There are 2 protein chains.
Amino acid sequence: MESARQIVTDAGFEALRTQDVVRRAQVAKGTFFSHFKDKDALMDVLIGERLNVLLDDMEAIPRFDTVDDLVAHSTPLLQFLSRDRFVFDVFLRMSGALAIEDIGDIATAIYRHHRILAGQLKDSPFRTDITTDLQAEGVQSFCINAVALSFCALHTDQDVQSRLMVYLNAWLCP
Amino acid sequence: MESARQIVTDAGFEALRTQDVVRRAQVAKGTFFSHFKDKDALMDVLIGERLNVLLDDMEAIPRFDTVDDLVAHSTPLLQFLSRDRFVFDVFLRMSGALAIEDIGDIATAIYRHHRILAGQLKDSPFRTDITTDLQAEGVQSFCINAVALSFCALHTDQDVQSRLMVYLNAWLCP
DNA sequence: GAAAATAATTGACCGCGGTCAATATTGCTG
DNA sequence: CAGCAATATTGACCGCGGTCAATTATTTTC
């Protein structure tokens, strides 16, 4: 883990090679794969811990007074995901899991994000015709969509935040 | 292309190997990669043509009278995407492109889907406080989200359609 | 403390995507 | 048709993720 973190710091997520990790950690390749199912599993942990740091900050917020407020407090997460296409791809790939036993850190972080959002939305002055759980699911869906479009050459007219703002105004204050 | 289609028909998208494609097509590996940037580019065409068949059907619909109607007519697309995890991963990966010149068939199909939806929503009896363009973007976002959750072991309580129904009722008829 | 059972580690090896210098084919021109 | 340029094709080769039988280390048992 320490070797992997160092490589990511030095050269970025995309440049990480299992060979380099094991060389740095002074172990054999097989040892790596006895600890991690595959390379994605390592990425899952690496990205998961980054997400959890950002979620720690987010958890401290009691509620959102406005949509602007929500978007502002979501910015660190959005920026982390939209900074690196490779990271976003791993994020999408690991966001769900076919079997309970391989639910990883990213998927867990997404549930945590959902719980945090739902809690905060409970005390926020938005629409009341749907549950805060559903509101939170929608917010997450729109966050992903906004980040995804930020990577698309045909959608360079808006940045992630302003796109999310439009979505969430329509979603939370119809 | 013909070789690739045959392999997919016989063994599925995930089992496709460039080696097998070139062997079947009686050409060398290098020839394949002079026609396609990488394997994903081939997948993009293969999946893109499937999507366009489904969109052809969808285009024939004039409008949606209810959310149920919209969901019902979206079912073929949803089922295609949620049938095969590998296909959905490629779909997500190819859904945007960093540069205009590598916008592929899947990304193009997504724009087509958006245009079709926006056109149909124009004549549909849903909310009028936001543009049909924005409505369509939201519908797409929720479709992706519903499919993504269908692959997640923690969300087996609902099927894709009923999940989408909940989303779209909240989105289009607030 | 020796022997047996269990667990951890190793690195040669494989499969597959992708590259590229060499070679063959085609098209063009006088 | 010869000669040249442009284009298409080839397959040996590379990098990297992942496997697994063999080996070494650790724990358990009597």
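Keep in mind that what you see is a predicted model, and the values were worked out from it rather than measured.
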Visitor: Determine whether a donor-acceptor pair (N or O, by modelled atom type, separation under 3.5 Å) exists between the side chain of B:Gln135 and the backbone of B:Arg127.
Guide: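 Side chain of B:Gln135 to backbone of B:Arg127, a donor-acceptor pair under 3.5 Å: yes, one is there.
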Visitor: Start with the C-alpha distance between B:Arg63 and B:Asp69, add both sets of side-chain angles, then the distance that settles salt bridge (Lys or Arg N to Asp or Glu O under 4.0 Å), and finish with yes or no.
Guide: CA-CA 9 Å; B:Arg63 91 196 127 274; B:Asp69 200 27; over 6 Å; no
Visitor: Anything under 3.5 Å between a protein N or O and an N or O of nucleotides 19-22 of chain D, put it in a table, one pair a line.
Guide:
none

Visitor: Could you walk me through whether B:Phe91 and B:Leu81 satisfy the side chain to side chain contact (heavy atoms under 4.5 Å, CB included) test, starting with their C-alpha distance in whole Å, then the side-chain angles of each, then the deciding distance to 0.1 Å, before giving a yes or no?
Guide: CA-CA 8 Å; B:Phe91 175 87; B:Leu81 289 177; 3.8 Å; yes
Visitor: Which is it for B:Asp44 and B:Lys37 under the salt bridge (Lys or Arg N to Asp or Glu O under 4.0 Å) test, yes or no, and what are the steps along the way?
Guide: CA-CA 11 Å; B:Asp44 188 58; B:Lys37 184 174 160 280; over 6 Å; no
Visitor: Looking only at heavy atoms, what is the nearest atom pair of A:Lys39 and A:Phe33, with distance?
Guide: N-CE2, 4.2 Å
Visitor: Rounded to whole angstrom units, what separation is found between the CZ atom of A:Phe86 and the P atom of D:dC16?
Guide: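 Rounded to the whole Å, the gap is 13 Å.
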Visitor: Pick out which of B:Asp105, B:Leu46, B:Leu77 makes a side-chain contact (heavy atoms from CB on, under 4.5 Å) with B:Leu51.
Guide: B:Leu77
Visitor: Taking B:Gln161 for its side chain and B:Val71 for its backbone only, find out whether a donor-acceptor pair lies under 3.5 Å.
Guide: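 Side chain of B:Gln161 to backbone of B:Val71, a donor-acceptor pair under 3.5 Å: no, none is there.
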Visitor: Please work out which residues in residues 39-50 of chain A have a non-hydrogen atom less than 4.0 Å from an atom of DNA chain D and list them by number.
Guide: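 Those residues are A:Lys39.
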Visitor: Is any side-chain heavy atom of A:Ile144 closer than 4.5 Å to one of A:Leu92?
Guide: yes
Visitor: How about B:Val8 and B:Arg50: do any of their side-chain heavy atoms sit closer than 4.5 Å?
Guide: yes
Visitor: Could you check how far CZ of B:Phe36 sits from C1' of D:dA8, rounded to whole Å?
Guide: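 That distance rounds to 15 Å.
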Visitor: For the residue pair B:Phe88 and B:Phe80, is the inter-centroid distance of their aromatic rings smaller than 6.0 Å?
Guide: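 No, the ring of B:Phe88 stays outside the 6.0 Å limit from the ring of B:Phe80, centre to centre.
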Visitor: Using whole Å, report how far CD1 of B:Ile7 lies from P of C:dC16.
Guide: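 From B:Ile7 CD1 to C:dC16 P: 12 Å.
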Visitor: Check whether any side-chain N or O of A:Ser124 sits under 3.5 Å from a backbone N or O of A:Phe64 as a donor-acceptor pair, and report yes or no.
Guide: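 Yes; judged by distance alone, with no hydrogens or angles, the pair exists.
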Visitor: Taking only side-chain nitrogens and oxygens of B:His35, does any of them come within less than 4.0 Å of OP1 or OP2 of D:dT9?
Guide: yes
Visitor: Can you tell me how far P of D:dT9 sits from CZ of B:Phe32, to the nearest Å?
Guide: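 So the CZ-P distance, B:Phe32 to D:dT9, works out to 14 Å.
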Visitor: Looking at residues 18-28 of chain B, who's got a heavy atom less than 4.0 Å off DNA chain D?
Guide: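 Heavy-atom contacts with DNA chain D come from B:Val27, B:Ala28.
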